[in-house]
Amino acid sequence: MGSADGVVSEDRVFASVECHVVFQVAGCLGEVERFQAVMDNDLNTGHTTKGVHANVSAEIASARTTCAGGNEAGALAQINATKGKFGYR
């Protein structure tokens with residue numbers, strides 16, 4: 001999910017729509033922002049509902065706060081729990 005230079009990249013292809021998201025943010029903030037971008041893309045392409053997007057985004061916001069407070073392990077655990085809860089890897 002990352003590399004030595006701190007670049008996190010994910011390619012996703014939906015039908016004829018291709019999305020390439022790159023974040024040059026290391027640690028928990030990079031994971032938080034990457035997952036939010038995935039959720040936003042899924043909403044915009046019709047792969048999730050507004051309700052699910054709102055619920056996941058609220059959990060991502062909580063992880064963002066945890067990360068900003070300096071608890072990287074806690075924030076990453078929150079993101080991983082949210083991913084599992086909503087079927088993301």
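Since the model is a prediction, treat every value here as computed from it, not as a measurement.
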Would you give the length of the straight line joining atom CD of Gln78 to atom OG of Ser62, rounded to the nearest 0.5 angstrom? 4.0 Å
Could you report the tightest heavy-atom contact between Thr48 and Val52, atom names first, then the distance? OG1-CG1, 3.2 Å
Closest contact, heavy atoms only, Gln36 versus Ser57: NE2-OG, 3.0 Å
Decide whether Phe86 and Val32 are clustered together by the hydrophobic rule: side chain heavy atoms of Ile, Leu, Val, Met, Phe, Trp, Tyr closer than 4.5 Å, transitively. yes
Within the 4.5 Å heavy-atom criterion, are Lys83 and Val56 side-chain neighbours or not? no
Return the SG to CG distance between Cys67 and Leu76, rounded to the nearest 0.5 Å. 7.5 Å
Tested for side chain to side chain contact (heavy atoms under 4.5 Å, CB included) against Met39, the lone hit among Asn55, Ile60, Thr82, Asn44 is Ile60
Roughly how far, to the nearest 0.5 Å, is the CZ atom of Arg64 from the CD atom of Glu33? 4.5 Å
Side-chain contact test, heavy atoms from C-beta onward, threshold under 4.5 Å: evaluate it for Asp42 versus His53 and give yes or no. no
Interatomic distance, CG@Asn80 vs OH@Tyr88, rounded to 0.5 Å, equals 15.0 Å
